[in-house]
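Along the sequence shown, the residues carry numbers beginning at 1.
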Amino acid sequence: MAAAVTAGALAALVAAPAQAAEYSSALKVRGVQYDAPGRDSNSCSSGNTREEYLTIKNYSSSATVNLKGYIVKDAAGNRFTFTASHSLQPGDYVKLRGGRGTDSDKNNVVYRNNCNFLWNNDRDTIYLYKPSGSRADVHSYTKSGSDPDGNGYITFHK
């Protein structure tokens, strides 16, 4: 009987979706503009990759967090590592944008300096890792199941 209960509990754990886990991290993915407005074009000069972005917010009420060393990945393993210091005060956020541009603390923006799209328009999984390698946050989405208004933006944390 105990083995059956244990097996059932294990099956329930394995069946849980990735986004059900809650991680103890001040930084979380607030939302993602996974489908940039307009026709997708990854041309650095005339494309719209700058309109694709991920918002990461510091949900701590008292701690400032430096993004240096944090890693953002998608389901296919494409990644971006924050290599420069960028401090987020409590309640502050940063938009990680595609395309090329100048990072700005004042404007809360960091550019990936890559004109390829990172997020899939139909479905993907977003991973946020701490510099230690432990997971800070994760969210899976599908266009049909996660974006009821179809505007290409999904909010994960308010």
* Asked: According to the interplanar angle, ranging from 0 to 90°, do the rings of F156 and Y141 count as parallel (below 30°), tilted (30 to 60°) or perpendicular (above 60°)?
  ->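 Correct class here is tilted.
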Heavy atoms only: give me the nearest [X]-[Y] pair and the separation to one decimal.
X    : Y    : value
A136 : K130 : CB-CG, 3.9 Å
C115 : T49  : O-CG2, 2.8 Å
N107 : S104 : N-OG, 2.9 Å

Rounded distance (nearest 0.5 Å) linking atom [atom1] of [X] with atom [atom2] of [Y]:
X    : Y    : atom1 : atom2 : answer
L118 : L54  : CG    : CG    : 8.0 Å
L128 : L27  : CG    : CG    : 6.5 Å
N108 : L88  : CG    : CG    : 7.5 Å
I126 : N120 : CD1   : CG    : 10.5 Å
D40  : N116 : CG    : CG    : 11.5 Å
N58  : S25  : CG    : OG    : 8.5 Å

Could you pull out all donor-acceptor pairs under 3.5 Å where a side-chain atom in residues 96-103 meets a protein atom, sequence neighbours excluded?
from: R97; atom 1: NH1; to: R50; atom 2: O; distance (Å): 2.6
from: R100; atom 1: NH1; to: N113; atom 2: O; distance (Å): 2.9
from: D103; atom 1: OD1; to: Y111; atom 2: N; distance (Å): 2.8

Which residues satisfy the side chain to side chain donor-acceptor pair (under 3.5 Å) test with T64, sequence neighbours excluded?
->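 In terms of side chain to side chain donor-acceptor pair (under 3.5 Å), with neighbours along the sequence ignored, T64 is linked to Q89.
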Check your understanding: Does anything in residues 112-124 pair up under salt bridge (Lys or Arg N to Asp or Glu O under 4.0 Å), and if so which pairs, sequence neighbours excluded?
Key ->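 Non-adjacent pairs meeting salt bridge (Lys or Arg N to Asp or Glu O under 4.0 Å): E52-R112.
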State which residues pass side chain to side chain contact (heavy atoms under 4.5 Å, CB included) with A63; sequence neighbours excluded, sorted by chain then number.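 Scan of A63 (side chain to side chain contact (heavy atoms under 4.5 Å, CB included), adjacent residues dropped) gives S60.
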Checking V65 against Y70 for the side-chain contact (heavy atoms from CB on, under 4.5 Å) test, could you report, in this order, the C-alpha distance in whole Å, the side-chain angles of both residues, the deciding distance, and whether it holds? CA-CA 10 Å; V65 181; Y70 273 80; 3.7 Å; yes
Could you list the donor-acceptor pairs under 3.5 angstrom formed by side chains in residues 76-83, with sequence neighbours left out?
from: N78; atom 1: ND2; to: D74; atom 2: OD1; distance (Å): 3.4
from: N78; atom 1: ND2; to: D74; atom 2: OD2; distance (Å): 2.9

- Task: Assess whether side-chain contact (heavy atoms from CB on, under 4.5 Å) is satisfied between H157 and D137, documenting all intermediate values.
- Result: CA-CA 11 Å; H157 296 281; D137 203 11; 3.3 Å; yes
Can you give the donor-acceptor pairs under 3.5 Å from side chains of residues 29-37 to other protein atoms, not counting sequence neighbours?
from: Q33; atom 1: NE2; to: D35; atom 2: O; distance (Å): 2.9
from: Q33; atom 1: NE2; to: N151; atom 2: O; distance (Å): 3.4
from: Q33; atom 1: NE2; to: G152; atom 2: O; distance (Å): 3.3
from: Y34; atom 1: OH; to: D147; atom 2: OD2; distance (Å): 2.7
from: D35; atom 1: OD1; to: N121; atom 2: ND2; distance (Å): 3.3
from: D35; atom 1: OD2; to: K143; atom 2: NZ; distance (Å): 3.3

Practice problem: Assess K28 against Y59: is NZ or CZ under 6.0 Å from the centre of the six-membered ring, and within 45 degrees of the ring's axis? | Solution: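 K28 over Y59 ring: no.
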Check the side chains of S43 and S41 for a donor-acceptor pair under 3.5 angstrom, ignoring hydrogens and angles.
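Result is no, nothing qualifies.
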